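Reading through the structure tokens given below for one structure.
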Amino acid sequence: MSDTSTTTARATDHPVAIPADMDEVRVRFAPSPTGSLHIGGAKQMMYDVLFAHGEARRAGKQGTVILRIEDTDRKRLVEGAVENLMEGLRWLGLAWDEGPDVGGPYGPYVQSERQHHYREAAERLVVSGHAYRCFCTPERLQQVRENQQKRGLPPGYDRHCRNLSADEVQAKLDAGEPFVVRFKMPLDGETRFTDLLRGEIVYQNDKLEDLVILKSDGFPTYHLAVVVDDHEMKITHVMRGPEWIPTAPLHVQLYAALGWEMPIFAHMPLILAPTGGKLSKRHGAASIQDFRDAGYLPEALLNYLALLGWSLDGKTEIYTFADLLEHFTIERASASPSTFDRDKLDWLNQQWINHHITVDDLAARVLPFLIKAGTIEPGPADASHPRFADVREAAALLKDRIKLLTEAPDLMSYFLRDELEDYDAALLVPKKVEPAAALTLLEAVAKVLPELDLNDLEATEARLRALADELGVKAGQLFMPIRVAATGRTQSPGLFETLRAIGKERVIARVDDAIAKLREHSAR
RNA sequence: GGCGCAUUCGUCUAGCGGCCUAGGACACCGCCCUCUCAAGGCGGAGAUCAGGGGUUCGAAUCCCCUAUGCGCUACCA
């Protein structure tokens with residue numbers, strides 16, 4: 001009885017994600033075009049989409065996802081990065097409603113094209129006394145930091161220009177000295193804000209710095225740009241990485257100084273590398289393109305990402321994106337970071353290939369990999385490719401055995417190519433059988449082969465089992481050399497369907513080759 | 001160093017005061033199925049819930065401290 005009535009509300013109780021009086025939820029994914037789409041970025045975008053298009057819409061709200069390019073750091077721009085980013089998102093099936101390519105009511109959606117908004121805001125802040133011009137040179141800042149470090153003090157700007165008189169400022173301006181604009185952080189008191197996943201977070205103002213909001217090249221820093229744009233684009237929920245928590249107080253103060261309403265913050269957890277640090281190429285793959293090239297399905301990748309830091313019930317493992325849209329709630333997202341586990345991703349990928357896509361789909365997806373590897377001739381990467389029927393047949397047999405699409409060229413080669421890769425003749429000799437006896441087995445097979453109808457699986461099996469009896473060996477001892485002769489390897493799908501797919505003509509030729517190979521082998 | 005966030009099997013997680021002698025999944029091991037390899041089925045091992053203090057009749061669940069990990073500490077985002 002005492003449990004519910006006397007327990008005080010927990011300080012960490014999650015705030016409401018979508019206030020009842022809010023009728024539109026607007027979120028944004030705001031990458032910097034400094035490279036390819038990182039798996040962590042993809043996860044952030046996934047949360048945006050699941051929240052706006054899933055949770056918000058289920059609650060009867062309008063849910064809008066915005067793609068905004070944050071290219072205020074002119075030094076780190078990478079050519080083609082924006083297109084790259086969008087391509088990665090499209091491949092994953094993560095869609096946005098407003099963005100640089102599709103436009104929208106609050107464009108442009110590229111920060112470098114929104115300069116005047118930031119300058120205006122910075123100007124307003126300077127005029128209202130919330131920000132000031134700082135003429136300190138990079139050399140002086142460097143010097144200050146070094147001194148602080150030497151004396152064991154925390155490094156940071158010493159607010160040298162914070163109290164410059166109007167005359168002093170004017171003089172420097174007249175002299176043409178370059179300057180940045182810094183935000184005047186309150187010197188005492190505290191700044192608090194609510195994080196959707198963590199509850200209230202409090203910072204003591206005397207520990208915070210006067211950060212730069214407008215750089216000397218006239219471009220804003222992230223802090224100013226993000227606040228201005230989020231406000232002007234009417235963003236209701238700021239979902240981003242946890243690395244932004246320490247600067248969130250600045251953003252909170254910026255909103256207050258500008259007199260704008262704050263959005264709701266949700267700092268989504270990071271993906272860690274198995275070794276502890278950041279996930280990078282060193283761990284196999286880091287960008288979406290890497291995963292795509294490595295043969296992962298977008299469905300599996302999204303499924304995996306969803307399971308990292310979120311779960312519906314702790315039991316369900318397989319989710320289509322539609323499932324996620326139907327069930328995702330940010331309230332169930334964890335605040336703690338998670339470690340990337342390649343094994344689990346691989347398992348999910350195989351689950352998807354084995355059980356959740358059709359044979360036709362598999363064939364189509366495998367096609368580009370086969371073409372790239374030269375297993376089949378170049379052509380359209382869809383059902384109109386001349387070899388599609390063959391690929392489809394191989395795909396049907398290998399569906400339960402493919403973990404990554406990249407395995408297809410190797411696994412399918414004996415179906416799709418006339419020539420077998422060279423293999424060791426010793427493989428033709430089954431366990432507990434002498435090489436000479438193995439030769440007898442294959443010769444017997446070669447003799448019955450012409451009269452077999454390989455399309456009749458049961459009859460073929462019956463005949464070959466009978467043959468094993470006649471030869472006095474176990475079925476398996478006869479089947480293995482046939483498998484090796486037909487495929488060049490000891491592992492394959494079921495023998496009879498494999499023979500059927502390879503075709504009688506090629507099987508006969510390959511068995512003959514195997515016999516020759518074995519003769520040569522035992523002669524030595 | 002300062003500030004902040006996080007902390008349940010090796011990994012991803014369930015768990016919101018009694019149902020927990022802590023459940024599921026990956027990986028691992030064994031068995032079954034079987035012409036091989038997979039897939040599939042069954043089972044096993046694996047977490048004194050980071051440690052220590054409280055609160056409570058009762059704590060993985062609430063509070064405090066410590067430890068550890070990670071992040072930030074740029075005119076990068």
Side-chain angles (χ1 to χ4, degrees), chain A residues 2-4 7-8 10-14 30-32 34 70-73 75-76 134 136 138 141 145 148-149 152-157 178-182 195 197-198 201-204 207-209 211-217 219 221-223 225-226 240-249 267 269-270 272 274 276-278 304 307-317 334-348 350-351 354-355 398-403 461 464-465 468 474-480 482-484 487 489-496 498:
Chain A
S2 60
D3 43 50
T4 51
T7 307
T8 49
R10 282 186 290 152
T12 53
D13 264 346
H14 286 3
S32 291
T34 54
E70 308 216 328
D71 58 347
T72 54
D73 184 357
K75 287 173 237 138
R76 298 203 309 160
C134 167
C136 294
L141 295 177
R145 259 192 291 275
Q148 286 163 330
Q149 235 132 30
L153 294 171
Y157 181 56
F179 64 88
V180 301
V181 175
R182 288 181 184 271
D195 180 284
L197 307 186
R198 288 161 257 259
I201 297 177
V202 183
Y203 277 83
Q204 296 304 315
K207 295 287 196 310
L208 302 174
E209 286 196 73
L211 293 175
V212 173
I213 56 174
L214 196 73
K215 300 183 257 186
S216 56
D217 65 0
F219 277 85
T221 59
Y222 169 84
H223 313 295
V226 81
R240 64 208 327 182
E243 66 272 25
W244 296 110
I245 294 177
T247 46
H267 294 94
L270 228 46
L272 265 26
K278 269 201 244 155
Y304 178 68
L307 250 23
L308 232 43
W310 177 87
S311 90
L312 178 63
D313 52 13
K315 290 186 168 53
T316 314
E317 302 285 336
S334 153
S336 48
S338 44
T339 308
F340 181 79
D341 179 12
R342 187 61 168 259
D343 283 332
K344 181 112 184 200
L345 207 212
D346 283 358
W347 176 76
L348 276 172
Q350 176 155 29
Q351 285 294 308
N354 292 181
H355 308 299
L398 288 162
K399 201 161 172 291
D400 275 353
R401 289 156 242 258
I402 292 184
K403 189 163 66 183
E461 175 165 3
L464 289 178
R465 282 189 186 278
K474 285 187 192 158
Q477 289 176 309
L478 178 63
F479 292 173
M480 187 49 88
I482 300 176
R483 164 175 289 111
V484 173
T487 69
R489 41 193 96 183
T490 54
Q491 303 175 358
S492 79
L495 181 60
F496 312 106
T498 298

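Everything numeric in this text was worked out from a predicted model, so none of it was measured. So you know, we letter chains A, B, ... as the sequences are listed, proteins then strands, and number each from 1.
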Any strand counts, and the cut-off is 3.5 Å on both contacts for Watson-Crick or G-U wobble. Which nucleotide pairs with [N]?
N	value
B/U11	B/A25
B/C16	none
B/G30	B/C42
B/G71	B/C3

Without decimals, in angstroms, what is the distance between [X] [atom1] and [N] [atom2]?
X	N	atom1	atom2	answer
A/Lys403	B/C26	NZ	P	14 Å
A/Leu272	B/U68	CG	C1'	14 Å
A/Lys315	B/U13	NZ	P	16 Å
A/Leu464	B/U36	CG	P	15 Å

Quiz item: When you check the gap from the basic side-chain N to the acidic O, do A/Asp195 and A/Arg198 get nearer than 4.0 Å?
Solution: yes
Reckon [X] has a side-chain N or O less than 4.0 Å from the OP1 or OP2 of [N]?
X	N	value
A/Ser338	B/U13	yes
A/Gln350	B/G40	no
A/Arg489	B/U36	no
A/His223	B/C76	no
A/Lys75	B/A74	no
A/Thr339	B/C12	yes
A/Lys278	B/C70	no

Quiz item: Parallel under 30°, tilted from 30 to 60°, perpendicular over 60°: which one fits the rings of A/Tyr222 and A/Trp244?
Solution: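 Taking A/Trp244 first and then A/Tyr222, their aromatic rings lie parallel (interplane angle under 30°).
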Quiz item: Which sits closer to the 5' end of RNA chain B, A/Thr72 or A/Gln491, going by the nucleotide each is nearest to?
Solution: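 The answer here is A/Gln491.
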Quiz prompt | Closest-nucleotide ordering on RNA chain B, the 5'-leading residue of A/Leu308 and A/Ala475 | solution =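 Its nearest nucleotide lies further toward 5', so the answer is A/Leu308.
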Quiz item: From A/Thr72 OG1 over to A/His223 NE2, what is the distance, rounded to the nearest 0.5 angstrom?
Solution: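 Rounded to the nearest 0.5 Å, the OG1-NE2 separation comes out at 9.5 Å.
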Classify the nucleic acid contact of [X] as base, sugar-phosphate or nothing, counting any heavy atom under 4.0 Å across all strands shown.
X	result
A/Gly494	base
A/Pro138	base
A/His267	nothing
A/Gly276	sugar-phosphate

Quiz item: Around A/Lys399, counting heavy atoms of other residues, nucleotides and ligands shown, do more than 12 lie under 6.0 Å from its NZ?
Solution: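 For A/Lys399, atom NZ is crowded (more than 12 foreign heavy atoms under 6.0 Å).
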Quiz item: Taking atom NZ of A/Lys403 as the centre, does the number of heavy atoms from other residues, nucleotides or ligands within less than 6.0 Å exceed 12?
Solution: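 No, because the 6.0 Å sphere around NZ of A/Lys403 holds 12 heavy atoms or fewer from other groups.
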Quiz item: So, does A/Asp71 use its side chain to make a donor-acceptor pair with the main chain of A/Ser32 at under 3.5 Å?
Solution: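 The answer is no, because no donor-acceptor pair under 3.5 Å joins these two groups.
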Quiz prompt | Flag, side chain of A/Tyr304 to backbone of A/Asp341, donor-acceptor distance under 3.5 Å | solution = yes
From [options], pick the nucleotide closest to the side chain of [X]?
X	options	answer
A/Lys207	B/G71, B/A25, B/G2	B/G2
A/Glu243	B/C72, B/G1, B/A39	B/C72
A/Ser311	B/A14, B/C75, B/C76	B/A14
A/Glu317	B/C75, B/C3, B/A25	B/A25
A/Phe479	B/U11, B/C75, B/C35	B/C35

Considering only atom [atom1], compute the distance from [N] to [M] and round it to an integer number of Å.
N	M	atom1	value
B/U11	B/U73	P	28 Å
B/A47	B/A14	C1'	13 Å
B/C64	B/A59	C1'	15 Å
B/C19	B/A60	P	9 Å

Identify all pairs in which a protein N or O lies below 3.5 Å from an N or O of nucleotides 43-45 of chain B, and state each distance.
none

Self-check item: A/Val180/A/Thr221 under side-chain contact (heavy atoms from CB on, under 4.5 Å): CA gap, chis, key distance, verdict
Solution: CA-CA 10 Å; A/Val180 301; A/Thr221 59; over 6 Å; no
Write down the protein N/O and nucleotide N/O pairs, taken from nucleotides 4-9 of chain B, whose separation is under 3.5 Å; answer none if there are no such pairs.
| from | atom 1 | to | atom 2 | distance (Å) |
| --- | --- | --- | --- | --- |
| B/G4 | O4' | A/Tyr203 | OH | 3.4 |
| B/G4 | O2' | A/Tyr203 | OH | 3.1 |
| B/C5 | O2' | A/Arg198 | NH1 | 3.3 |

Quiz prompt | base_contact_polar (B/C75 base, A/Ser216 side chain, donor-acceptor, <3.5 Å) | solution = yes
